Protein chains: 4
Amino acid sequence: MSPRADALRNRAKVLTAADEVFLEQGTTASTEEVARRAGVGVGTVFRHFPTKEALLEAVYLERLRQVGADAAELATRDDAGSAFHEFFERLVGQSGPKQALTEALAAEGVDVADTDSPVRQEVRESLATLLERAQQAGRVREDVGVDEVIALLIGASQATRWTTDVSMRGRTLNVILDGLRPH
Amino acid sequence: MSPRADALRNRAKVLTAADEVFLEQGTTASTEEVARRAGVGVGTVFRHFPTKEALLEAVYLERLRQVGADAAELATRDDAGSAFHEFFERLVGQSGPKQALTEALAAEGVDVADTDSPVRQEVRESLATLLERAQQAGRVREDVGVDEVIALLIGASQATRWTTDVSMRGRTLNVILDGLRPH
Amino acid sequence: MSPRADALRNRAKVLTAADEVFLEQGTTASTEEVARRAGVGVGTVFRHFPTKEALLEAVYLERLRQVGADAAELATRDDAGSAFHEFFERLVGQSGPKQALTEALAAEGVDVADTDSPVRQEVRESLATLLERAQQAGRVREDVGVDEVIALLIGASQATRWTTDVSMRGRTLNVILDGLRPH
Amino acid sequence: MSPRADALRNRAKVLTAADEVFLEQGTTASTEEVARRAGVGVGTVFRHFPTKEALLEAVYLERLRQVGADAAELATRDDAGSAFHEFFERLVGQSGPKQALTEALAAEGVDVADTDSPVRQEVRESLATLLERAQQAGRVREDVGVDEVIALLIGASQATRWTTDVSMRGRTLNVILDGLRPH
DNA sequence: AATGAATGAGACTTCATTCAT
DNA sequence: CATGAATGAAGTCTCATTCAT
């Protein structure tokens, strides 16, 4: 009801639209297209995100947030080993949309330095918990840390991007998961 | 005899320049920039590659050719197991330039169907030989085929892209290579 | 209420500029030139007319509109015969600018099928009235219809385009007008 | 056998090809396309016609030559009246190719001043003979001269360009021919 | 705050013309 | 003389960003 509420709602609409558009058409999609999808004028997009790059960062951050939420949730599971595996499987996902999460992770990777957002810290922490519990349960080798896991997460999801059917994806992902086992 | 020679040399210059430019600035780099780097006019670039897309394809194909050459060479090694491992290590590479090979592989993956170039067939064949010999030597699990290996190659090199130092890269790549071992 | 007004004014400015430029330099004149003449940026031209072809069509349509207005006005005259003659004389015009109307008619002719704009229908109807009244008054032969008149209109104005002085134009146009008389 | 002979043959090949290409694709067709059609290199086209405009002029002149030949031939006919009519009918033609002659005439008209080629003089003279004989035979009104006839020739062929069938073309051309009769 | 028209740099591509072979 | 590769100006169109309403 307050003008602030409308503004926030618009910000959210833009972010959602941007996520969808960049997912479907790649990051070269035009800002105009994002605005159209969000049902607002271009000016509104630029009011909330002063630059296309800023918009992209926000989208990635939002995706990261979801990865973090997944990790945090799974970190509370009893069976630490299966939780770790399921995290990989969720991220690698069945189809397109989920792929995006990795893109976000990857993008984060690109400019590790300047994007030191709190979100990133949270994701790392949830991931660390998930990993350590799996290692303590003897289900993941000890010589990998959070950074290696992130890299492998990205690798796994890029790898499965070129798989043509479910069984091929399974075989491919298994290689990586097997490689993560002790020994 | 000679006019042809000059033209071919220019084609090569353009291709090399394009490879460099796209590597450094991404595929959105302008054709003018490629021309500048090659030391020719834009018209020359378009004479040899009628479209920017055609230029990109040519760059990718050239990179693929190098992957194929590596695979073919290693396929003749006595120690099939170490040859297979070295192939991964070479592709994953030390740094930027080599990374590009994977990008090319990935790009190939995108349109598996329509890009049925002979180059692609040759790469697959060399890879198949390399893989089969490693499997016969009992160094690689039997449930993966050429397609899975290609996917993992892409995954491995994307994964190692986010590694910050040699030892981290080593640990990350080892996970995948270990995962490829029997059992 | 006002932002729309400005946009419409700009659209009109562009259309007018385009009409002038295409008249002076032919239809191969550049869009930049049109923008310059209109005192706007190129982007504005393309916002209103997404394609150069669309701009050309709009220019022709506007010219057609004027032909239609002339025909409609003359169709209300008492002396149907002189009205018909005057219509020819107006179209054939004194000099350059008016000539353009025929160019528009001609362009319409090219794609009779796909350019089924209401404007075209209106012009045909006004012309039909003008013609029928002249025929009923016994001033125009009965074996010609609207289509023949349009063709002759185009012919007359192309013919007079190569006339060097007023009297030559008169003699040339008279041939056609005489030819249109009964018998 | 002499090098001159080959050169002349090439000039002719280029001219023929240019005539065809410009007819089919309009005068914006590329010089490269003309060369291709002629089976020669672009360089050869430019050796014979130093400019695209020069090539166009040559094409138009060649077309004019044919108009002149037609006029000259018909000027020898016994029946001066029917000869004059047939000249119009030939020029207006049944279909595309012949149309080109008018284009050439029109182009000539454009720069009456600077293109004072002998060809143009010859055409005028043949036409003058044809016209005068028809007038002497009482078949063409006396108040038109060669210039008016040329203008009407152009007008007639532009007019019939928009006719959709033979009968419509007939009616349209008849209006002009009737207008040319005495009285 | 929101809107969307305006802007203009810059991208891709074409083509007349030149020139080394 | 012929060839066709090279050149680069110029054209069409897109899009991030600004700003008047």
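Everything quoted here is computed from the prediction, not taken from an experiment.
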Paired with E:dA1 by Watson-Crick or G-U wobble geometry, both distances under 3.5 Å: which nucleotide is it?
none
Nearest whole Å is fine: how far is F:dC15 C1' from A:E32 CD?
8 Å
Considering Watson-Crick and G-U wobble pairs with both distances under 3.5 Å, what does F:dT12 pair with?
E:dA11
On a heavy-atom basis, the closest approach of A:A38 and A:V14 is CB-CA, 3.9 Å
Considering residues at least two apart in sequence or located in another chain, which fulfil the salt bridge (charged side-chain N to carboxylate O under 4.0 Å, His left out) criterion with B:E32?
none
Is C:T44 close enough to E:dT7 that one of its side-chain N or O atoms is under 4.0 Å from OP1 or OP2 there?
yes
Between E:dA6 (P) and C:F46 (CZ): distance, integer Å:
15 Å
Side-chain N,O (A:N10) to OP1/OP2 (E:dA1) below 4.0 Å:
no
Closest-nucleotide mapping onto DNA chain F: is C:A29 or B:V45 further toward the 5' terminus? I mean the 5' end.
B:V45
If you assign each of B:T28 and C:G41 to its closest nucleotide in DNA chain E, which residue comes earlier from the 5' end?
C:G41
Whether B:E57 and B:K52 form a salt bridge (side-chain N of Lys/Arg under 4.0 Å from carboxylate O of Asp/Glu) is what I want to check.
no
Less than 4.5 Å apart, any side-chain heavy atom of C:Y60 and any of C:T27?
yes
Taking CG from D:L56 and P from E:dT17, how many angstroms apart are they, rounded to a whole number?
11 Å
Short side-chain N/O contact from A:H48 to OP1 or OP2 of E:dA2, under 4.0 Å
yes
B:A29 to B:F22 - nearest heavy-atom pair and separation
O-CE2, 3.8 Å
From the list E:dG4, F:dA2, E:dT13, which nucleotide is the closest neighbour of the side chain of A:V42?
E:dG4
For a quick test of reading the model: is some side-chain N or O of C:T31 closer than 4.0 Å to OP1 or OP2 of F:dG11?
no
Rounded distance in Å - CZ (A:R9) to P (E:dA2)
11 Å
Minimum-distance nucleotide to B:S30 side chain [options: E:dC12, E:dT13, E:dG8]:
E:dC12
Just how far, in rounded Å, is C1' of E:dG10 from NZ of B:K52?
12 Å
Send over the distance from A:R47 CZ to F:dA20 C1', rounded to a whole Å.
13 Å
C:F49 CZ to F:dG11 P: how many Å, rounded?
20 Å
Rounded distance (Å) that lies between atom P of F:dT12 and atom CZ of C:R36
11 Å
Base, sugar-phosphate alone, or nothing: which one does A:T51 contact when heavy atoms must sit under 4.0 Å apart?
sugar-phosphate
What does E:dT21 pair with, Watson-Crick or G-U, if both distances are under 3.5 Å?
F:dA2
